[in-house]
Amino acid sequence: AQAEQESYHREAKGRRAPESLLKLGRSLSRLGQKDQACTIIGSVDTEYPNAVDAKKRAQAAYRREGCG
């Protein structure tokens, strides 16, 4: 999770940022930090509205993690 967070912060405006944010959320979920994971996964949609593929994967992950 720490590596994903660092990657996201390094490239927050880059083209891979939405995917990094999603990976961070999934990592947190695997660590048992569901509330934080759901918040981060849900933010992919609002932070990167034009990242269509990442948004679709984030929506699927949001449901899979039992968020909402």
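Residues: numbered from 1 along the sequence shown.
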Q: In Å, rounded to the nearest 0.5 Å, how long is the span from CD1 of I41 to OG of S29?
A: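 Here the rounded value is 6.0 Å.
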Q: Show the nearest heavy-atom pair for residues V44 and A54, with the distance to one decimal.
A: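 Answer, listing the atom of V44 first, then A54: CG1-O, 4.0 Å.
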Q: What distance separates H9 NE2 from Q5 CD, expressed to the nearest 0.5 Å?
A: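 It comes to 4.0 Å.
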Q: To the nearest 0.5 Å, what is the distance between CD1 on I40 and OH on Y8?
A: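 With rounding to 0.5 Å, CD1 (I40) is 9.0 Å from OH (Y8).
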Q: Would you give the length of the straight line joining atom CG of L21 to atom OG of S43, rounded to the nearest 0.5 angstrom?
A: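 Reported to 0.5 Å precision, the distance equals 4.0 Å.
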Q: How close do L24 and A1 get, counting heavy atoms only, and between which atoms?
A: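 So the two residues come closest at CD1-O, 3.4 Å.
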Q: Do K23 and S20 have side chains that approach each other closer than 4.5 Å (heavy atoms only, starting at C-beta)?
A: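 The answer is no, as the side chains (C-beta and beyond) never meet within the 4.5 Å cut-off.
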Q: Would you say the side-chain atoms of T39 pair up with the backbone N or O of D35, donor to acceptor, closer than 3.5 Å?
A: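 It does hold such a pair.
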Q: Hey, are E65 and R26 close enough for a salt bridge, meaning a charged N less than 4.0 Å from a carboxylate O?
A: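 Between R26 and E65 there is no salt bridge, as every charged N stays at least 4.0 Å from the carboxylate O atoms.
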Q: For the CG atom of L22 and the CG atom of D45, what is their distance to the nearest 0.5 Å?
A: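 With rounding to 0.5 Å, CG (L22) is 11.5 Å from CG (D45).
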Q: If you measure only the distance, is there a donor-acceptor pair under 3.5 Å linking the side chains of S27 and E4?
A: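 On atom types as modelled, these side chains do not qualify, holding no pair under 3.5 Å.
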Q: Taking atom CD of E19 and atom OH of Y48, what is their separation to the nearest 0.5 Å?
A: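 Reported value, rounded in 0.5 Å steps: 11.5 Å.
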